Amino acid sequence: NNQISAVLDFEFTGPDVRIIDIASGLKFSMRIWENDDPLEIGAHFFRGYQSKVKLTEIERASLIDIMILRDVASVIWRLGLNLATNTIPDTERIEDLRQSKTWLTTHRTQLEDLWPT
């Protein structure tokens, strides 16, 4: 019906907890590194997701920490690729992690307030 029903990304595949998918979707929809008002975009993301899936209280309470953990896992994965291919590590990802963690920590309460209870 002219609506998005799914977004598939096969960079990482396998069994996982669904909050990781929510954390990734939120990070890449808000795009804090280029959007003037990522919180507004986050609110749209939350409303859309919440209309289909209800989070548990544990998922809701851990979302920001999971977003940070997801970025850490991405940095470690990339560093592993660098080691495996004997290439120089990509410090841009590490800087992205630092900036993202700072932004998420600073805006934690605002983000938590966006998610419908």
Side-chain angles (χ1 to χ4, degrees):
N1 295 333
N2 203 25
Q3 295 179 336
I4 295 174
S5 60
V7 176
L8 303 176
D9 178 357
F10 293 105
E11 183 175 15
F12 299 104
T13 58
D16 210 343
V17 293
R18 73 177 174 178
I19 195 69
I20 295 285
D21 292 333
I22 297 166
S24 294
L26 184 57
K27 176 186 176 77
F28 291 110
S29 62
M30 288 194 323
R31 303 180 70 83
I32 63 172
W33 58 92
E34 68 182 16
N35 284 325
D36 292 333
D37 193 0
L39 291 170
E40 180 182 349
I41 295 167
H44 292 299
F45 177 88
F46 286 145
R47 277 194 302 276
Y49 207 97
Q50 184 74 6
S51 72
K52 302 295 180 192
V53 175
K54 305 296 185 217
L55 291 187
T56 66
E57 282 303 312
I58 292 171
E59 289 172 323
R60 191 172 183 270
S62 64
L63 180 59
I64 306 305
D65 295 324
I66 296 296
M67 290 179 74
I68 295 167
L69 177 64
R70 184 231 158 262
D71 284 348
V72 170
S74 179
V75 166
I76 292 169
W77 184 76
R78 289 284 180 179
L79 288 173
L81 283 178
N82 294 137
L83 289 171
T85 59
N86 202 24
T87 57
I88 297 171
D90 178 7
T91 58
E92 186 175 317
R93 287 221 179 224
I94 296 169
E95 180 59 20
D96 172 62
L97 166 61
R98 188 190 66 73
Q99 290 177 0
S100 180
K101 181 181 182 293
T102 299
W103 192 93
L104 289 168
T105 302
T106 302
H107 295 88
R108 175 184 288 272
T109 302
Q110 292 166 289
L111 279 167
E112 290 172 345
D113 289 346
L114 294 177
W115 192 268
T117 56

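Heavy-atom basis, side chains included; hydrogens, waters and symmetry copies ignored. Everything quoted here is computed from the prediction, not taken from an experiment.
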Problem - Closest approach of Gly25 to Phe45 (non-hydrogen atoms, all atoms of both residues) - result: C-CE1, 3.6 Å
Completion exercise
Here the gap from Ile20 atom CD1 to Leu69 atom CG, rounded to the nearest 0.5 Å, amounts to 5.5 Å
Completion exercise
Here the gap from Asp71 atom CG to Lys101 atom NZ, rounded to the nearest 0.5 Å, amounts to 11.0 Å
Handout entry: From Thr91 atom OG1 to Arg98 atom CZ, the distance as rounded to the nearest 0.5 Å
Key = 12.0 Å
Practice task
State which residues pass side-chain contact (heavy atoms from CB on, under 4.5 Å) with Thr106; sequence neighbours excluded, sorted by chain then number.
Solution key: Thr102
Handout entry: Lys27/Asp96 ion pair, N-O < 4.0 Å
Key = yes
Completion exercise
Leu79 and Pro89 have their tightest heavy-atom pair at CD2-CB, 3.5 Å
Problem - Nearest non-hydrogen partners of Asn82 and Ile88, listed with the distance - result: ND2-O, 3.5 Å
Practice task
Would you indicate whether the side-chain heavy atoms of Leu63 and Leu26 approach each other to under 4.5 Å?
Solution key: yes
Problem - Nearest atoms (heavy-atom pairs only) where Ile66 meets Ala23 - result: CG2-CB, 3.9 Å
Tell me which donor-acceptor pairs under 3.5 Å the side chains of residues 32-42 have, and how far apart each pair is, sequence neighbours excluded?
| from | atom 1 | to | atom 2 | distance (Å) |
| --- | --- | --- | --- | --- |
| Glu34 | OE2 | Arg31 | NE | 2.5 |
| Asn35 | ND2 | Met30 | O | 2.5 |
| Asp37 | OD1 | Glu40 | N | 3.4 |

Completion exercise
Ile76 meets the side-chain contact (heavy atoms from CB on, under 4.5 Å) criterion, sequence neighbours left out, with Val72
Exercise for the section: Show your reasoning for whether side chain to side chain contact (heavy atoms under 4.5 Å, CB included) applies to Arg70 and Met67. Expected result: CA-CA 5 Å; Arg70 184 231 158 262; Met67 290 179 74; 5.6 Å; no
Exercise for the section: Determine whether more than 12 heavy atoms belonging to other residues, nucleotides or ligands lie under 6.0 Å from atom NZ of Lys54. Expected result: yes
Problem - Any donor-acceptor pair under 3.5 Å from Arg60 side chain to Trp115 backbone - result: yes
Exercise for the section: Give, for atom OG of Ser62 and atom CD of Glu57, the distance between the pair rounded to the nearest 0.5 Å. Expected result: 10.5 Å
Practice task
Could you tell me the separation between the CZ atom of Arg78 and the CD1 atom of Ile94, rounded to the nearest 0.5 Å?
Solution key: 12.5 Å
Exercise for the section: May I ask you to decide if Asp21's main-chain N or O and Ser24's side chain share a donor-acceptor pair within less than 3.5 Å? Expected result: no
Handout entry: side chain to side chain contact (heavy atoms under 4.5 Å, CB included) between Glu95 and Glu92, intermediate numbers included
Key = CA-CA 5 Å; Glu95 180 59 20; Glu92 186 175 317; 5.7 Å; no
Fill in the blank from the handout: Rounded to the nearest 0.5 angstrom, the CD1-CG distance for Ile68 and Leu104 is 5.5 Å
Problem - Chi angles and distances behind the side chain to side chain contact (heavy atoms under 4.5 Å, CB included) call for Phe46, Leu55 - result: CA-CA 10 Å; Phe46 286 145; Leu55 291 187; over 6 Å; no
